[in-house]
Amino acid sequence: MNDDVPVSSRRRLRRTAVAVLGAVSLLALAACGSADPTPTATSSPDAFKPVAQKEGSEITVWADATRVPGVQAYQKAHPNVKIKVVTYSGDANGANDLQTKVQLFDRTGSGWPDVAFSANVNDGTWASQGKTPYAAPVNRDIIPKTTLDGFSDGALDPCVFNGNTYCVRNDLAQNVLWYNKKLMDKFGYEVPATWEEYQALGEKVAKEHPGYLVGTAGDAWTPEVYFWASQCTASTTTGAKKVKVDLQDAKCTRMAKLLDSLIAKGSVSKDTVFSAGFIKNQASKVLMLPGPSWFGQVLFNSTFKIPKGQIAAAAPLKFEGDAKNYTGNVGGGLWFVSSHSKNLKAAADLVTWMTTSDAYQGTAGTYPAYKKAATTWLANQKKTGYFAEDVSPVFEEAAELIWPGWSATQYSQEAIYSSTVVPALNSGKTITDTLGTWQTAITNKAKSLGYTVN
């Protein structure tokens with residue numbers, strides 16, 4: 001994420017820390033083995049050529065404070081592996097520490113961490129580039145294809161560049177339709193299945209129960225929730241450093257008009273869900289809220305303090321006439337194995353364990369990107385008894401519905417939305433009014449980073 005991320009967009013990143021506080025249980029971690037690191041991928045003429053390997057050598061791991069206990073647990077379970085753990089920002093809160101340090105190490109010719117975690121899902125865009133990219137292509141005899149195939153469909157898309165996979169996804173943040181079942185039943189409302197039904201219900205709520213909400217548009221991640229689900233071409237890569245930006249496309253304008261209608265009615269807030277005012281005055285009046293899977297425990301439970309047995313989740317919505325329902329994603333960290341590592345075997349084994357282990361991922365704070373670990377995670381969520389209904393089927397479905405046309409880029413959509421659309425909304429303008437300004441801001445930022453914009 002870029003250094004110019006405004007304060008408003010940093011609220012999105014604050015949830016990362018909240019989501020994972022106390023999320024990882026270390027019980028039984030030491031008893032869990034790691035996946036077989038033996039490579040199965042077939043070599044090709046352009047196969048990755050590692051530096052001279054030194055089996056048994058120490059590996060340096062950079063991770064944020066949330067992931068460090070997991071790395072330490074891996075170390076305890078694998079005492080023969082020499083690991084030096086370095087705690088850093090994890091590129092949260094708008095930091096780009098990893099890229100900055102890697103650029104320094106590129107100049108000095110040493111210092112690269114063997115393994116690095118990043119909370120910024122866009123970091124693969126730079127880590128995969130250059131004459132000698134920082135990230136090793138893990139599909140080139142580093143992590144078995146059978147392991148990579150075990151991730152949810154599309155989960156590794158932000159890691160794939162020019163046919164190679166340069167990182168492994170830690171977690172997903174697929175969007176679903178959250179709703180308060182207790183309130184919905186009380187008001188006699190049915191959960192919508194389409195965006196048209198959602199809009200109609202939002203208008204009905206505004207009339208029959210003014211003050212109650214069906215969504216928010218002031219969050220930095222609003223584009224990823226609404227416009228991504230609408231298949232809006234806000235940033236669709238069409239080639240190396242080429243991106244299509246077209247907010248006048250019908251699939252962009254339809255969502256803008258929908259949100260504008262409900263904002264005008266008062267059932268979609270212009271505030272962010274993490275503001276003190278929203279938490280105090282509006283949290284208890286949230287009837288529906290499209291948003292990421294981490295909203296359940298992080299937002300409704302820990303932040304809003306909504307009691308057990310009230311919150312449920314429904315499948316992502318679709319527009320009438322669309323072939324299927326798609327959804328977006330808000331978050332999801334990445335693990336990198338360094339192309340400079342002298343012990344790729346140990347680095348790859350740690351990354352594999354951190355992303356696929358039931359004992360670690362199964363008790364994490366967010367939905368695992370690895371399907372088998374996600375099954376364990378969902379079972380543990382059910383055991384908490386927090387949700388009004390089992391969220392497992394909805395989460396599993398949504399994990400496979402993330403629209404692939406919203407591409408990872410070197411610029412932050414959230415930062416741009418926060419600096420252009422949010423101020424416009426607060427000044428009384430509509431999203432539709434601001435689409436041109438928003439597009440110009442995306443285009444200018446993309447071009448400044450070397451993209452060709454269509």
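These numbers come from the heavy atoms of this one structure, side chains and all, not from hydrogens, waters or symmetry mates.
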query = Does Phe319 have Arg254 sitting over its ring (NZ/CZ under 6.0 Å from centre, angle to axis within 45°)?
reply =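 Flagged: Arg254 positioned over aromatic ring of Phe319.
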query = Do Trp178 and Phe395 make the cut of ring centroids closer than 6.0 angstrom?
reply =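 Yes, the ring centres sit under 6.0 Å apart.
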Nearest 0.5 Å, what's the [atom1]-[atom2] distance between [X] and [Y]?
X	Y	atom1	atom2	value
Asp358	Trp353	CG	CH2	11.0 Å
Tyr411	Thr443	OH	OG1	8.0 Å
Met354	Phe117	CE	CZ	8.5 Å
Thr327	Ile402	OG1	CD1	7.0 Å
Phe227	Asp249	CZ	CG	11.5 Å
Lys241	Gln410	NZ	CD	3.5 Å

Would you say that [X] contacts [Y] through its side chain, given a criterion of any heavy-atom pair below 4.5 Å between the two side chains?
X	Y	value
Lys84	Ile59	no
Ile279	Thr303	yes
Ser339	Phe48	yes
Phe151	Val168	yes
Val61	Asp114	no
Trp62	Thr60	yes
Gln297	Gln381	yes
Arg67	Trp335	yes

If you take all heavy atoms of [X] and [Y], which pair is closest and at what distance?
X	Y	answer
Phe336	Ala127	CE2-CB, 3.7 Å
Thr272	Gly218	CB-O, 3.9 Å
Pro292	Asn175	N-OD1, 3.0 Å
Thr236	Gly405	OG1-O, 2.7 Å
Ala283	Ile306	O-CD1, 4.0 Å
Asn139	Gly163	ND2-O, 3.7 Å

inquiry  = Using the rule given for side chain to side chain contact (heavy atoms under 4.5 Å, CB included), can you reason through Lys371 versus Glu400, listing the C-alpha separation, both sets of side-chain angles and the distance that settles it, and then say yes or no?
reply    = CA-CA 10 Å; Lys371 286 188 284 190; Glu400 307 290 339; 3.8 Å; yes
task = Run through Tyr326, Trp406, Trp221 and flag the one making a ring-ring contact (aromatic ring centres under 6.0 Å, His included) with Trp228.
result =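 Single pass found, and it is Trp406.
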key: Candidate list Tyr367, Tyr370, Trp294, test ring-ring contact (aromatic ring centres under 6.0 Å, His included), partner Trp377, passing option   =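 The ring-ring contact (aromatic ring centres under 6.0 Å, His included) with Trp377 is passed solely by Tyr367 among Tyr367, Tyr370, Trp294.
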Between [X] (side chain) and [Y] (backbone), is there a donor-acceptor pair under 3.5 Å?
X	Y	result
Asn454	Lys242	no
Thr125	Ala408	no
Ser341	Ser338	no
Thr363	Ala359	yes
Gln174	Ser293	no
Ser418	Glu414	yes
Asn343	Ala346	yes
Asn96	Gln99	no
Thr87	Asp64	no
Asn380	Lys382	no

message = Parallel, tilted or perpendicular, judged at 30° and 60°: which one describes the rings of Trp112 and His340?
response =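 Rings of Trp112 and His340: parallel, under 30°.
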request  = Take the angle between the ring planes of Tyr74 and His78 and call it parallel below 30°, perpendicular above 60°, tilted in between.
outcome  =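 The arrangement is parallel - the two ring planes meet at less than 30°.
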query = Should we count CG of Asn162 as having more than 12 external heavy atoms under 6.0 Å?
reply =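 Counting other residues, nucleotides and ligands, CG of Asn162 stays at 12 neighbours or fewer.
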query = Does a sphere of radius 6.0 Å around NZ in Lys372 hold more than 12 heavy atoms from other residues, nucleotides or ligands, not counting ones at 6.0 Å or beyond?
reply =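 No - once you tally the heavy atoms of other residues, nucleotides and ligands closer than 6.0 Å, there are 12 at most.
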Verify the distance criterion only: is there a donor paired with an acceptor across the side chains of [X] and [Y] at less than 3.5 Å?
X	Y	answer
Gln53	Lys342	no
Asp219	Thr216	yes
Ser392	Asp390	yes

task = Evaluate the criterion side chain to side chain donor-acceptor pair (under 3.5 Å) for residue pair Ser235 and Gln413; output intermediate values, then yes/no.
result = CA-CA 8 Å; Ser235 283; Gln413 283 285 2; 2.7 Å; yes
Chi angles and distances behind the side chain to side chain donor-acceptor pair (under 3.5 Å) call for Gln361, Asn170 = CA-CA 8 Å; Gln361 282 289 348; Asn170 181 77; 3.0 Å; yes
ask   = Please walk me through it: do Val121 and Leu334 pass side chain to side chain contact (heavy atoms under 4.5 Å, CB included)?
value = CA-CA 6 Å; Val121 75; Leu334 311 173; 4.2 Å; yes
key: side chain to side chain contact (heavy atoms under 4.5 Å, CB included) assessment of Asn329 paired with Glu224   = CA-CA 6 Å; Asn329 181 83; Glu224 282 83 350; over 6 Å; no
message = side chain to side chain donor-acceptor pair (under 3.5 Å) for Ser412 and Asn122? Distances and angles first, verdict last.
response = CA-CA 8 Å; Ser412 166; Asn122 292 328; 5.5 Å; no
inquiry  = Using the rule given for side chain to side chain donor-acceptor pair (under 3.5 Å), can you reason through Asp149 versus Thr146, listing the C-alpha separation, both sets of side-chain angles and the distance that settles it, and then say yes or no?
reply    = CA-CA 5 Å; Asp149 287 346; Thr146 51; over 6 Å; no
ask   = Stepwise, does the ring-ring contact (aromatic ring centres under 6.0 Å, His included) test hold for Phe161 with Trp126?
value = CA-CA 10 Å; Phe161 300 91; Trp126 64 262; over 10 Å; no
task = Using a strict 4.0 Å threshold on nitrogen-to-oxygen distance, state whether Asp106 and Lys101 make a salt bridge.
result =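 Looking at Lys101 together with Asp106, the answer is no, because their closest N to O distance does not fall below 4.0 Å.
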task = Using a strict 4.0 Å threshold on nitrogen-to-oxygen distance, state whether Lys318 and Asp322 make a salt bridge.
result =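 No, this pair does not count.
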message = Please enumerate all residues that pass salt bridge (Lys or Arg N to Asp or Glu O under 4.0 Å) together with Lys308, with sequence neighbours excluded.
response =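 Here no residue qualifies.
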